[in-house]
Each structure stands twice: as structure tokens, then as C-alpha cells.
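Okay, so here's the structure we're looking at.
Note that ligands are numbered from 1 as they come in the structure, with each ligand's atoms numbered from 1 the same way. This structure is a prediction, so every number in the text was calculated from the model and none was measured. What's counted below: heavy atoms across the whole structure, side chains too, no hydrogens, waters or symmetry copies.
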Amino acid sequence: MERKNAWKNYDQEALNALEALSCRYRAFLDNGKTERECVKEAVALAEKNGYTNLADAVRAGRRLNPGDKVYSVCMDKSIMLFHLGAQPLEQGINIVGAHIDSPRIDIKQNPFYEDTDLAYADTHYYGGIKKYQWVARALALHGVVAKKDGTLVEIVIGENEDDPVLCVSDLLIHLAQEQMAKKAGEAVTGEGLDIILGGRPLEGEEKDAVKALMLRILSERYGIEEEDMLSAELEAVPAGKARDLGLDRSMILGYGHDDRVCAYAELEAMQLLPAVPQYTCCCLLADKEEIGSVGATGMRAHYFENAMAELVNLTCDQYSELVLRRALKNSRMLSCDVSAGYDPLYASAFEKKNAAILGRGVCYNKFTGSRGKSGSNDANAEFIGRLRRIMDDNAIAWQTAELGKVDVGGGGTIAYICALYGMEVIDSGVPVLSMHAPQEIINKADLYEAVKAYAAFLKDAK
Ligand code: MN
Ligand code: MN
């Protein structure tokens, strides 16, 4: 049951389309390094494609009809796009869902200090990271500072070529005998991930003069006081753009493929739908997956259900709770999240015939979880049977996958949360190498097949 490498299927036209898509995706990665930035990108793309804000329709009590396209944003960190279909919502909708938060280093609320003529920001990392990967590399700072007067200051430092960058230092190898003998997980500590912000004292200042100059610059450039950091969300992420990888340019090296590659594939797939799809189609981009889908913008919150309720209200003559529940229960979903690609350098972590291979297309994980499938959504065989047909009828290169060997580790996605409604859900994604590293690797063919697969699913699932 070995699957063919997808590149073998492509003629010149397909190769051109694949390259154009990869180029658009790299731009999405470069412009969307935080969940907020990804929402902005998604809104711009949606509006360009004729979507309007659901909130406006709700305010106006405007009836929605088949073919209408609306989007709904939750706290600027998660977003849903809906393209209304010919069938009533009660018949269920077709959903592709991904997450747009990625592992990173967050700045603490009381971050700034000076030590021995260096100014620092104290941090608390976000999501699962190998801490040693985040030192001695150029970092950029992205995020917002909410001031007391209600204004929001947006910050991006370190992405333009003439911008300064930030960095966490590492101990020189000459003095690292003790550090090198430690376990990799302990070589760099969480509290050790403090970011260098400055190294020059403010003239005329006696105490903490380096910190004072850094604060002066923040104040002059952004109008921010030290206290404003109490209401800031600043994320340190790898600086720089995503790049083609390999002499053949077949892959992309970049920050945040997990899970922006699936998020972007969904956004592209939504553009490939007919004017009036059979069933209502939804692209759902959630926040906070990397820390357990918690909080008001994580998948466990109710924004999706609330948006569906608004849709029921605006498409039916009378709002009905029962119609809402039926709509949710009868839905079909691809929980789109990256999977671990088979890595020949770490072969012992994988069981090869059930591993996702880079370049062999979009992958489907019947289950995720760890240690006996714990915490997993386990997709129904019947649903997978229907899915196989959609994939094959649409000539998609696809493969099945499991995240590594049994009992070696595991992971979760948003699948099990949506499954609570009783809808059919399966995990689907793009295989990634070096997942959660500052720079991750995907194969362009898998992105290309994911777009086709998600479009086919949205169009044909029932
Ligand atoms: Mn993920
Ligand atoms: Mn992840």
C-alpha cells in the first residue's frame, strides 16, 4: 500500500500552479507570524473574495441566502469563513479547521530589567519547544500593546532588513562543559530564555541607564511607557522570511508551518468553491491549540457554535435551537493540522509504513493521541470510507499517517473538541519535519495536494 510521490503526477501546468501557490503561501507566512496577524491576512483575503462581516449582517438583521459569504472574527485571534450552500444548515456543513497559533517566546507582563550593562526582557515560552533551539538566533518582536486610553499600539520589530533584531544568548562552548553534560531538556531553562534588548546607557542616567535608554526608545518610537507592558501581548518569533529549501526548491523552510500551512491551504480551498456549494462550507482558524485549545479564542470556547447560531437565525424563518444542534451534529469536518513527516535521520521514532512521507501528499490521521490513543479523536471507518472516495474521485495524492511509533510520544489537535457535537471529524494535514522548531520543513507538493484535497472535501462531502 505504498503511496506514490506526488511530484511524479505533475505536468508543466501543475508545476506552475504549485509554484505560484508556494509563493503566495510564503508571503502568508511572512505576514502572519502571530495569530492576530494571521487573522488580519485572512480578513483581507476574505474581503478580496467577496466575504462580508457576519457582525454587520447580524446588526442589520439581514437575511442570508445560498451563495452568500460571511466571516466572523473572535477577539482578533480566531476567525471563521462561511460560504452558504444550497442545502439548509440542518443538513450539516462541511468544515475545514486549523489553528493559527505557533510555539514562540512570549514577553512577561513585568519584563524589563538590567543586569551588568545589558537590558533584558523576561519571557515565558508558549507551546512545546526545545528551548535550546531558541538561543543564539535572530528574533523579531510582534504583537500589541493596549494602552489605558483604549488605543492599541501594533509592534513589529526585526522583520525589515534594516530593523534591529533581538536575541537570547547562549553559553560559549569553551565554558559549557557542565551545560553540555546536561540532558537536552535541561541545557537551557525557561527562565534562561531572556531576550537582550539593549547594551548602551542613556547619557546622564546613573542607575539602570541601559534599560533607561531602551525605555526612552520605546516611548519615542511607540509612545509606550514601562507600565503599558502590563497590558501587552508581545511574541518573540524567529526573524526573517520563509525560504525555498533544497537545490530543487521542492520544500519550504519557515517558521510556523504548524499550523499555518493547513490554515493557508484552507483559505485557498475556500476560493475554489462554486458560487453556490451544495452544503455550506466553513473555514475555521482557531487560536491557542498549542496550549490545549483553552481560553475565549481556543477551540473549546463557543465562538463557532455562536456563529452557527447566528447563521441559523439569519437563514431560517424562525430561530430554532434544535436546528442549530442538528446542523452541528450533521456536519463533516477535516481537522487540519500538520503531522510528523518521516525523518530518515530519526528513523527509530517512526513506524515507517504508517508514517507520513514528505512529498506523498496530504495525510489523514484516523487517530492522534498518545499511549493507547489517549486523548484522541478516533475517526469513524464509515467516514474514512467516504473520504477515500472523494480523494480518489478528485485524483488527490493522499496518505494515511500516525504520529510516530506507539508509546514513543504523541500529540493532539482540535479534532476531539468538534467531535463533541456528534459530527464526523478526521485529522488531516501536511507532513512536517522539525515540527515546533524555529524553522520547520514542508514539501510544496503536500501543500498543493492539501489545497486540492480541502477543496474537494468542502465541495463533495455529504
Ligand atoms: Mn498543530
Ligand atoms: Mn503544534
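Ion pairing between a basic and an acidic side chain is recognised when a charged N comes within 4.0 Å of a carboxylate O; Glu154 and Lys40 show such pairing. Using a 4.0 Å cut-off between charged nitrogen and carboxylate oxygen, Glu235 and Arg104 count as a salt-bridge pair. Ion pairing between Glu268 and Arg24 holds under the 4.0 Å rule for side-chain N and carboxylate O. Salt bridge Glu290/Lys288: absent, no basic N to carboxylate O contact under 4.0 Å.
When each of Val362, Leu458, Leu387, Ile95 is paired with Leu334, the side chain to side chain contact (heavy atoms under 4.5 Å, CB included) condition holds for Leu387 and for no other.
Protein N/O/S atoms closer to the Mn ion (ligand 2) than 2.8 Å number 4 in this structure.
The aromatic ring centres of His83 and Tyr71 sit 6.0 Å or more apart.
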